[in-house]
Amino acid sequence: VATAAPTAPLDLAPQPSAPPLWEHARALERRQAMPTGRQAEAATGLSTPAETLPALRVIGQFGSTYVIAEGPDGMYLIDQHAAHERIVYEEVKRQRRRREVSRQGLLAPATFEVTPGQDEVLRARYGELADFGFDIEPFGDRTYLVRAVPELVSADDWSGMLRELLDALAGESGVDFEEKVAISIACHRRAVRAGQVLSDSEMRALVRRLESTELPHTCPHGRPTLIHLSNGQLRRHFGRS
């Protein structure tokens, strides 16, 4: 994949007399989840756009981590990793809902050994995991044979993803199984990472796909995918109101 030549990030660190706008932006980045509606506006002082995103025009990349874009209602700073996790998460759920799960067969069946706790979960759930693209069957004492994994999972990381999922499910009751699997796959996809330089076409593709998601403002863990600064906020910040 062609990549753009990295550039030195701009220094946008606020000075001691930083205006409230930057204080609000930092407060939003520290949030573990992004509320919606009036609650978010009251908590952060930032405007909260509608659930869906408008058509955005990519301007560039900042710090090899954030995509800068503009829309009819202001500027957007998009966390490229969180955005990609949201995209993959919704794709997993969409494939599952439509029963159109894409899977990749392993070059050779792999043996997968598990702990007693993991074995208890997998023995009860390996049939359900087939709905997400896994082809798993028992193969002895606490050992399974894996023939295929979801196409959305990185081919060299499926075993780590599966172990983390089994550990997360072990001993828990009332867990939303589908939700846990979808989040695990999204986290272990060969995702766009922070610090990764993206080409113009890669940034545009990422933003287009984020626009099409149902809940574009948060990643599957509830962390924000973007900061939105409205035209009005920018005008006031620069004394143009």
Side-chain angles (χ1 to χ4, degrees), residues 1 32-33 79-194 196 202 205-206 208-223 225:
V1 177
Q32 293 301 306
D79 183 317
Q80 61 197 39
H81 177 66
H84 196 232
E85 280 195 347
R86 163 55 60 181
I87 292 164
V88 176
Y89 167 78
E90 290 199 9
E91 179 62 24
V92 171
K93 300 197 78 170
R94 181 163 46 250
Q95 288 187 9
R96 169 74 171 80
R97 186 168 59 247
R98 297 176 179 175
R99 299 186 181 276
E100 297 174 349
V101 175
S102 299
R103 64 181 66 193
Q104 53 185 331
L106 302 181
L107 293 177
T111 55
F112 183 67
E113 298 181 358
V114 295
T115 65
Q118 293 169 345
D119 182 53
E120 182 179 352
V121 176
L122 188 53
R123 195 164 294 276
R125 297 285 197 174
Y126 74 88
E128 294 174 77
L129 286 171
D131 293 337
F132 292 89
F134 286 97
D135 185 348
I136 303 175
E137 61 184 67
F139 191 66
D141 184 28
R142 299 209 312 269
T143 304
Y144 294 80
L145 202 62
V146 182
R147 300 181 185 276
V149 298
E151 190 175 62
L152 290 173
V153 174
S154 177
D156 58 359
D157 193 31
W158 64 264
S159 61
M161 173 259 154
L162 192 53
R163 289 189 191 283
E164 286 187 18
L165 174 65
L166 297 175
D167 288 338
L169 293 171
E172 293 191 17
S173 59
V175 173
D176 187 330
F177 178 72
E178 179 179 348
E179 186 78 1
K180 283 283 189 181
V181 177
I183 290 175
S184 294
I185 292 176
C187 290
H188 287 79
R189 169 70 171 172
R190 195 181 298 278
V192 174
R193 298 292 179 186
Q196 179 179 344
E202 288 171 332
L206 181 73
R208 293 291 85 78
R209 294 185 66 189
L210 182 64
E211 289 171 0
S212 68
T213 59
E214 295 177 2
L215 298 172
H217 296 96
T218 59
C219 79
H221 305 284
R223 293 188 292 269
T225 59

- Task: Carefully, step by step, assess Ile87 and Leu206 under the rule side-chain contact (heavy atoms from CB on, under 4.5 Å).
- Result: CA-CA 9 Å; Ile87 292 164; Leu206 181 73; 3.8 Å; yes
- Query: Should His221 and Cys187 be marked as a side-chain contact (heavy atoms from CB on, under 4.5 Å) after you check the CA-CA gap, both sets of side-chain angles, and the distance that decides it?
  - Reply: CA-CA 10 Å; His221 305 284; Cys187 290; 3.0 Å; yes
- Message: Checking Glu179 against Tyr89 for the side-chain contact (heavy atoms from CB on, under 4.5 Å) test, could you report, in this order, the C-alpha distance in whole Å, the side-chain angles of both residues, the deciding distance, and whether it holds?
- Response: CA-CA 9 Å; Glu179 186 78 1; Tyr89 167 78; 2.7 Å; yes
- I would like to know whether Val88 and His84 meet side-chain contact (heavy atoms from CB on, under 4.5 Å); could you show each step before the answer? CA-CA 6 Å; Val88 176; His84 196 232; 4.0 Å; yes
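Atom CD of residue Glu211 and atom OG1 of residue Thr213 lie 9.0 Å apart, to the nearest 0.5 angstrom. Note: Leu129 CG to Phe177 CZ = 4.0 Å, rounded to the nearest 0.5 Å. In this structure, the separation between NZ on Lys180 and CG on Leu166 is 12.0 Å, given to the nearest 0.5 Å. With rounding to the nearest 0.5 angstrom, the CD1 atom of Ile183 is 8.0 Å from the NZ atom of Lys93.
Contact annotation: the side chain of Leu152 never approaches that of Phe132 to less than 4.5 Å [non-hydrogen atoms, C-beta and beyond]. For the pair Val149 and Leu162, the minimum side-chain heavy-atom distance is 4.5 Å or more. Within the 4.5 Å cutoff, the side chain of Val101 has no heavy atoms near those of the Phe134 side chain. Side-chain contact between Glu128 and Val181 is absent, with no heavy atoms from C-beta onward closer than 4.5 Å. Contact of the Glu164 side chain with the Ser184 side chain is not registered, since no non-hydrogen atoms from C-beta on lie closer than 4.5 Å. Contact check for Leu145 versus Thr111: side-chain heavy atoms found under the 4.5 Å cut-off.
Distance alone, capped at 3.5 Å, is enough to place a donor-acceptor pair between the Thr143 side chain and the Asp141 backbone. Although no hydrogens or angles enter the test, the distance criterion places no donor-acceptor pair under 3.5 Å between the side chain of Arg86 and the main chain of His217. In terms of modelled atom types and a separation under 3.5 Å, the side chain of Glu90 and the main chain of Pro216 share no donor-acceptor contact. A donor-acceptor contact shorter than 3.5 Å is absent between the side chain of Arg147 and the backbone of Pro109. Between the Arg103 side chain and the Ala130 main chain, a donor and an acceptor come within less than 3.5 Å of each other. Without hydrogens or angle criteria, Arg142 side chain to Val114 main chain gives a donor-acceptor distance under 3.5 Å.
Nearest heavy atoms, Pro220 versus Ala186: CG-CB, 4.4 Å. Scanning all heavy atoms of the two residues, the minimum distance from Arg123 to Gly140 falls at NH2-O, 3.9 Å. Minimum interatomic distance between Ala83 and Leu210 (heavy atoms only, all atoms of both residues): CB-CD2, 4.0 Å. Across Ala148 and Gly105, no two heavy atoms sit closer than the pair CB-CA, 4.0 Å.
At most 12 heavy atoms of other shown residues, nucleotides or ligands fall within 6.0 angstrom of atom CZ in Arg99. For Glu91, the CD atom sits in a packed shell: over 12 heavy atoms of surrounding residues, nucleotides or ligands are nearer than 6.0 Å.
With sequence neighbours excluded, the residues satisfying salt bridge (charged side-chain N to carboxylate O under 4.0 Å, His left out) with Arg96 are Asp131.
Relative ring orientation between Trp158 and Phe112 is described as tilted, the plane-to-plane angle lying within the 30° to 60° band.
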